[in-house]
Amino acid sequence: MNKKIHISDLCTELEEELYEELEITNMTDLHPSKSNIEKLVSEKIRKQGKTPKRRRFKALKVFLAAAVICLFATTAFAAAGGLTYFKSIFGDSTEHVKSEITAPMVSAEDASQRFSLEGMLTDGYTIDLILSLEDISGKGLPSYCYDETKQLFDVSLERKPDTGDEFSFSINYTMLPEFRTENKVVYHLTASSLDACYGADLKISFRAENSELDFTVPVDGSTASRRYTVNDTWDGNYTLETVQISPLGVLLIGREAQASGGLPTPVVSVKFKDGTIEEMMSELSFDTDGDGGTVIGGGGVVISNDPLSGPLVISTYGMRNPEGKVVTKGEFSRFINLEDVMSILVNGKEYTSLSDLPVGRYRSLSPVSGTF
């Protein structure tokens, strides 16, 4: 027989001497704010319509115990929800990165709507976000919230400490229709940076009709990455220095003696331990201006509705900077397992891994310099 246990009852049954010895360790990467926990606990106890039984220990201890219980219940729920959203986009490949998905539990609201960040995953360059907009007025969400042709979001990155240099990045978003209701809509937004943004502050704003809802969250908890040193020159002009891959995508860093034409990109593929080879980047990954002029930056998209059997790379982004550096990157349609990767191929030549960049201790690649 199932018995319903209220938080208030559970707290008041704790013996004072036992509570004094209680130590809680947060085993997640989540850091919910104290004010949110207090709000959740207060609302939960109020909805139960019960007054906690009187005890000898202070009310503060009761409240803290309830906060601890609420913390673990909330973080477990949030993590599960974030995983569900990512699985709807990337399928079972999400299992490769599920431990790196975080639920920052931040939101902003006005009298009508609540804008929340429900899930986040990054490798330090690509940032995948699960965002939601919820009606809190009881009137339902306006139609523009469901219109993917509108520019609903503003995103900015700020370095910590602030050096004054701006990040070069692009954003795109789609709605997740399977989670749509008249009171809530969920979006998948990807911010793609050409410069390492680990440790930066990410500000996200939703453009409501009569107001702007925004919050700021640090970019941290990045996935592991694997770096390959190449340092080979083609055509006497372009040198590919390093290739970095993560479960989310591939990043190429090189330099040019003289900038000309389209963005230089050799054919780069990944070779898995089962012998499978998948192309990640090539000269066809980027558009040219069609007139033979020098391209400063650009990208391209491979359209595929099947993340499991379609192309591995579905979008590309690249740019030159004045110091002769060229950075190009490709975002994956599905997450890969780095443990399954044997090597990379650059114009047919095989390279093995130089180093792994561990989870949570992301390093910016030293060859990147200047402002993009």
Problem set entry | Parallel, tilted or perpendicular: rings of F179 and Y85 (30°, 60°) | perpendicular
For this session: Report the relative orientation of the aromatic rings in F86 and F335; use parallel for angles under 30°, tilted for 30 to 60°, perpendicular for over 60°.
Result: tilted
Exercise. M120 versus I130: any side-chain heavy-atom pair under 4.5 Å?
Worked result: no
Exercise. Does any non-hydrogen side-chain atom of L338 lie less than 4.5 Å from one of P247?
Worked result: yes
For this session: Without swapping roles, check the side chain of T122 against the backbone of T126 for a donor-acceptor pair under 3.5 Å.
Result: yes
Exercise. Between R320 (side chain) and G297 (backbone), is there a donor-acceptor pair under 3.5 Å?
Worked result: no
Between [X] and [Y], does any side-chain donor sit less than 3.5 Å from a side-chain acceptor?
X: S343; Y: E350; answer: yes
X: E100; Y: T223; answer: no
X: K329; Y: T316; answer: no
X: D232; Y: Y351; answer: yes
X: T190; Y: D128; answer: yes
X: T149; Y: D147; answer: yes
X: D274; Y: T276; answer: yes
X: S205; Y: D154; answer: no
X: T239; Y: T233; answer: yes

For this session: Please say whether the positively charged group of R180, taken as NZ for Lys or CZ for Arg, lies over the ring of Y146, i.e. under 6.0 angstrom from the six-membered ring centre and within 45 degrees of the axis.
Result: yes
Exercise. Looking at CG of L251 and OG1 of T242, how far apart are the two atoms once the value is rounded to the nearest 0.5 Å?
Worked result: 7.0 Å
For this session: Run the numbers on I336 and S93 for side chain to side chain contact (heavy atoms under 4.5 Å, CB included), then give the verdict.
Result: CA-CA 7 Å; I336 66 170; S93 69; over 6 Å; no
Got a salt bridge between [X] and [Y], using NZ or NE/NH1/NH2 to carboxylate O under 4.0 Å?
X: E118; Y: K184; answer: yes
X: D214; Y: R207; answer: no
X: K325; Y: E241; answer: yes

Exercise. Are Y144 and L141 connected in the hydrophobic side-chain network, where two residues link if heavy atoms are under 4.5 Å apart?
Worked result: yes
Exercise. How close do V313 and M280 get, heavy atom to heavy atom, and via which atoms?
Worked result: CG2-O, 3.2 Å
For this session: Determine, step by step, whether E278 and R334 satisfy the salt bridge (Lys or Arg N to Asp or Glu O under 4.0 Å) criterion, reporting the C-alpha distance in whole Å, the side-chain angles of both residues, the deciding distance to 0.1 Å, and the verdict.
Result: CA-CA 13 Å; E278 293 205 51; R334 54 192 179 275; 3.0 Å; yes
